[in-house]
**Q** 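One structure follows; several queries about it will come next.
We're numbering straight along the sequence, starting at 1.
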Amino acid sequence: STFLGLGTSLAFVADCFWLVGLQWHILYRAMCALYGMHFKLLGSLFRIFRGKKINPLRNRVDGYDFTTEQWLLGTVALSVLLFTLPTTLAFHLMFSGGEYIMDGLASIGHILSELVPTFPLYTILHRMA
(Lines give C-alpha, C1' and ligand atoms only; values in the text may rest on other atoms or scores of the structure.)
Protein backbone atom coordinates (compact mmCIF):
# COMPACT_ATOMS: atom_id res chain seq x y z
CA SER A 1 0.00 0.00 0.00
CA THR A 2 1.15 3.53 -0.72
CA PHE A 3 0.83 6.75 1.19
CA LEU A 4 -2.64 8.27 0.50
CA GLY A 5 -3.52 5.49 -1.97
CA LEU A 6 -2.46 4.38 -5.41
CA GLY A 7 -4.48 7.04 -7.26
CA THR A 8 -2.74 9.87 -5.44
CA SER A 9 0.67 8.31 -6.07
CA LEU A 10 -0.08 7.95 -9.80
CA ALA A 11 -1.29 11.55 -9.97
CA PHE A 12 1.90 12.67 -8.21
CA VAL A 13 4.05 10.75 -10.72
CA ALA A 14 2.06 12.26 -13.61
CA ASP A 15 2.58 15.75 -12.19
CA CYS A 16 6.30 15.03 -11.84
CA PHE A 17 6.41 14.06 -15.52
CA TRP A 18 4.63 17.33 -16.34
CA LEU A 19 7.13 19.29 -14.23
CA VAL A 20 10.09 17.59 -15.92
CA GLY A 21 8.44 18.18 -19.29
CA LEU A 22 7.99 21.89 -18.60
CA GLN A 23 11.51 22.72 -19.78
CA TRP A 24 10.88 20.63 -22.89
CA HIS A 25 7.69 22.58 -23.49
CA ILE A 26 9.48 25.92 -23.20
CA LEU A 27 12.27 24.78 -25.54
CA TYR A 28 9.69 23.33 -27.94
CA ARG A 29 7.88 26.68 -28.14
CA ALA A 30 11.16 28.50 -28.68
CA MET A 31 12.15 26.09 -31.47
CA CYS A 32 8.73 26.46 -33.13
CA ALA A 33 9.16 30.22 -33.16
CA LEU A 34 12.72 29.95 -34.48
CA TYR A 35 11.72 27.41 -37.14
CA GLY A 36 8.84 29.59 -38.35
CA MET A 37 11.02 32.70 -38.41
CA HIS A 38 13.66 30.77 -40.33
CA PHE A 39 11.24 29.99 -43.17
CA LYS A 40 9.82 33.52 -43.23
CA LEU A 41 13.34 34.90 -43.64
CA LEU A 42 14.14 32.36 -46.34
CA GLY A 43 11.02 33.40 -48.26
CA SER A 44 11.88 37.07 -47.91
CA LEU A 45 15.47 36.55 -49.07
CA PHE A 46 14.31 34.37 -51.97
CA ARG A 47 12.08 37.24 -53.15
CA ILE A 48 15.18 39.46 -53.36
CA PHE A 49 16.59 37.19 -56.08
CA ARG A 50 13.34 37.38 -58.00
CA GLY A 51 13.41 41.19 -57.79
CA LYS A 52 10.25 41.38 -55.66
CA LYS A 53 9.38 42.86 -52.31
CA ILE A 54 6.25 42.88 -50.18
CA ASN A 55 4.20 46.06 -50.23
CA PRO A 56 2.34 46.03 -46.88
CA LEU A 57 0.23 49.09 -47.79
CA ARG A 58 -1.42 47.37 -50.74
CA ASN A 59 -0.98 43.83 -49.35
CA ARG A 60 0.76 42.51 -52.46
CA VAL A 61 4.20 41.71 -53.89
CA ASP A 62 5.64 44.42 -56.16
CA GLY A 63 8.71 44.50 -58.38
CA TYR A 64 11.74 46.40 -57.09
CA ASP A 65 15.24 47.24 -58.34
CA PHE A 66 17.68 46.28 -55.59
CA THR A 67 21.17 47.78 -55.39
CA THR A 68 24.31 45.67 -55.64
CA GLU A 69 24.93 45.95 -51.90
CA GLN A 70 21.42 44.68 -51.16
CA TRP A 71 21.92 41.72 -53.49
CA LEU A 72 25.26 40.91 -51.86
CA LEU A 73 23.84 41.14 -48.34
CA GLY A 74 20.87 39.01 -49.42
CA THR A 75 23.24 36.39 -50.84
CA VAL A 76 25.26 36.18 -47.63
CA ALA A 77 22.16 36.04 -45.43
CA LEU A 78 20.51 33.41 -47.65
CA SER A 79 23.59 31.19 -47.61
CA VAL A 80 23.83 31.43 -43.81
CA LEU A 81 20.15 30.56 -43.42
CA LEU A 82 20.37 27.66 -45.88
CA PHE A 83 23.38 26.19 -44.11
CA THR A 84 21.74 26.46 -40.66
CA LEU A 85 18.42 25.00 -41.85
CA PRO A 86 19.35 21.32 -41.16
CA THR A 87 20.46 22.19 -37.63
CA THR A 88 17.28 24.13 -36.94
CA LEU A 89 15.22 21.25 -38.35
CA ALA A 90 17.05 18.71 -36.17
CA PHE A 91 16.48 20.76 -33.01
CA HIS A 92 12.84 21.30 -33.93
CA LEU A 93 12.28 17.58 -34.45
CA MET A 94 14.10 16.67 -31.23
CA PHE A 95 12.15 19.06 -29.04
CA SER A 96 8.81 18.27 -30.68
CA GLY A 97 9.46 14.55 -30.11
CA GLY A 98 10.37 15.20 -26.47
CA GLU A 99 7.25 17.36 -26.07
CA TYR A 100 5.00 14.60 -27.42
CA ILE A 101 6.66 11.91 -25.30
CA MET A 102 6.37 13.97 -22.09
CA ASP A 103 2.74 14.83 -22.86
CA GLY A 104 2.01 11.17 -23.53
CA LEU A 105 3.57 10.01 -20.26
CA ALA A 106 1.73 12.67 -18.27
CA SER A 107 -1.55 11.76 -20.00
CA ILE A 108 -1.09 8.06 -19.27
CA GLY A 109 -0.41 8.87 -15.60
CA HIS A 110 -3.52 11.05 -15.35
CA ILE A 111 -5.68 8.42 -17.08
CA LEU A 112 -4.41 5.73 -14.70
CA SER A 113 -5.02 7.94 -11.66
CA GLU A 114 -8.60 8.45 -12.87
CA LEU A 115 -9.16 4.73 -13.50
CA VAL A 116 -7.75 3.43 -10.19
CA PRO A 117 -10.70 4.59 -8.02
CA THR A 118 -13.20 2.90 -10.37
CA PHE A 119 -11.30 -0.40 -10.57
CA PRO A 120 -13.34 -3.22 -8.92
CA LEU A 121 -10.46 -4.58 -6.83
CA TYR A 122 -12.65 -5.68 -3.90
CA THR A 123 -14.95 -7.83 -6.04
CA ILE A 124 -12.00 -9.45 -7.85
CA LEU A 125 -10.26 -10.29 -4.57
CA HIS A 126 -13.58 -11.53 -3.06
CA ARG A 127 -14.14 -13.93 -5.99
CA MET A 128 -10.58 -15.24 -5.79
CA ALA A 129 -10.90 -16.12 -2.09
**Q** Taking ring pair (Phe, Tyr, Trp, His ring centres under 6.0 Å) as the definition, give me every residue that meets it alongside His92, ordered by chain and number, with sequence neighbours left out.
**A**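 Checked His92 against ring pair (Phe, Tyr, Trp, His ring centres under 6.0 Å); matches are Tyr35.
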
**Q** Going only through I, L, V, M, F, W and Y residues with side-chain contacts under 4.5 Å, is there a path from Ile108 to Leu115?
**A**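 No, because Ile108 and Leu115 fall into different hydrophobic clusters, even though each may have its own neighbours under 4.5 Å.
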
**Q** May I have the list of side-chain donor-acceptor pairs in residues 72-84 shorter than 3.5 Å, sequence neighbours left out?
**A**
| residue | atom | partner | partner atom | Å |
| --- | --- | --- | --- | --- |
| Thr75 | OG1 | Trp71 | O | 2.7 |
| Ser79 | OG | Thr75 | O | 3.2 |
| Ser79 | OG | Val76 | O | 2.8 |
| Thr84 | OG1 | Val80 | O | 3.0 |
| Thr84 | OG1 | Leu81 | O | 3.3 |

**Q** Indicate, with yes or no, if Leu85 and Met37 share a hydrophobic cluster defined by side-chain heavy-atom contacts under 4.5 Å among Ile, Leu, Val, Met, Phe, Trp and Tyr.
**A**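 Linked, Met37 and Leu85 end up in one cluster.
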
**Q** Rounded to the nearest 0.5 Å, what separation is found between the CG atom of Leu89 and the CG atom of Leu93?
**A**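 Output value for this atom pair is 4.5 Å.
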
**Q** Would a single hydrophobic cluster contain both Phe39 and Val61, if residues Ile, Leu, Val, Met, Phe, Trp and Tyr are joined by side-chain heavy-atom contacts under 4.5 Å?
**A**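 Hydrophobic grouping puts Val61 apart from Phe39.
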
**Q** Applying the 4.5 Å side-chain criterion to the ILVMFWY set and letting contacts propagate, would Leu27 and Val20 be lumped into a single cluster?
**A**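 Yes, one cluster joins them.
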
**Q** Is it the case that one hydrophobic cluster holds both Phe17 and Phe12, taking links as side-chain heavy atoms less than 4.5 Å apart, direct or via other members?
**A**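 Phe17 and Phe12: separate clusters.
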
**Q** Using a side-chain heavy atom cutoff under 4.5 Å and only I, L, V, M, F, W and Y, what cluster partners does Ile26 have?
**A**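 Same cluster as Ile26: Trp18, Leu19, Leu22.
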
**Q** Mind checking what makes ring pair (Phe, Tyr, Trp, His ring centres under 6.0 Å) contact with Tyr64, not counting sequence neighbours?
**A**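 Tyr64 satisfies ring pair (Phe, Tyr, Trp, His ring centres under 6.0 Å) with Phe66 once adjacent residues are dropped.
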
**Q** Report the distance from atom CD of Glu99 to atom SG of Cys32, rounding to the nearest 0.5 Å.
**A**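 That separation rounds to 8.5 Å.
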
**Q** Does CG in Leu34 sit with more than 12 non-hydrogen atoms of other residues, nucleotides or ligands closer than 6.0 Å?
**A**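 It does: Leu34 CG has more than 12 such atoms within range.
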
**Q** Which residues pass the ring pair (Phe, Tyr, Trp, His ring centres under 6.0 Å) test with Trp24, not counting sequence neighbours?
**A**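 Testing Trp24 for ring pair (Phe, Tyr, Trp, His ring centres under 6.0 Å), a comparison that skips the adjacent residues, returns Phe95.
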
**Q** Under a 3.5 Å distance rule, please check whether Gln70 uses its side chain to pair with a backbone N or O of Thr67 as donor and acceptor.
**A**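 Flag set: sc Gln70 to bb Thr67 pair under 3.5 Å.
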
**Q** Do any pairs count as a salt bridge (charged side-chain N to carboxylate O under 4.0 Å, His left out) and have a residue in residues 54-67, sequence neighbours left out, and if so which ones?
**A**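 Residue pairs with at least one partner in residues 54-67: Arg60-Asp62.
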
**Q** Taking CZ in Phe46 as the centre, count heavy atoms belonging to other residues, nucleotides or ligands within less than 6.0 Å. Is the count above 12?
**A**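 Count not over threshold, so no.
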
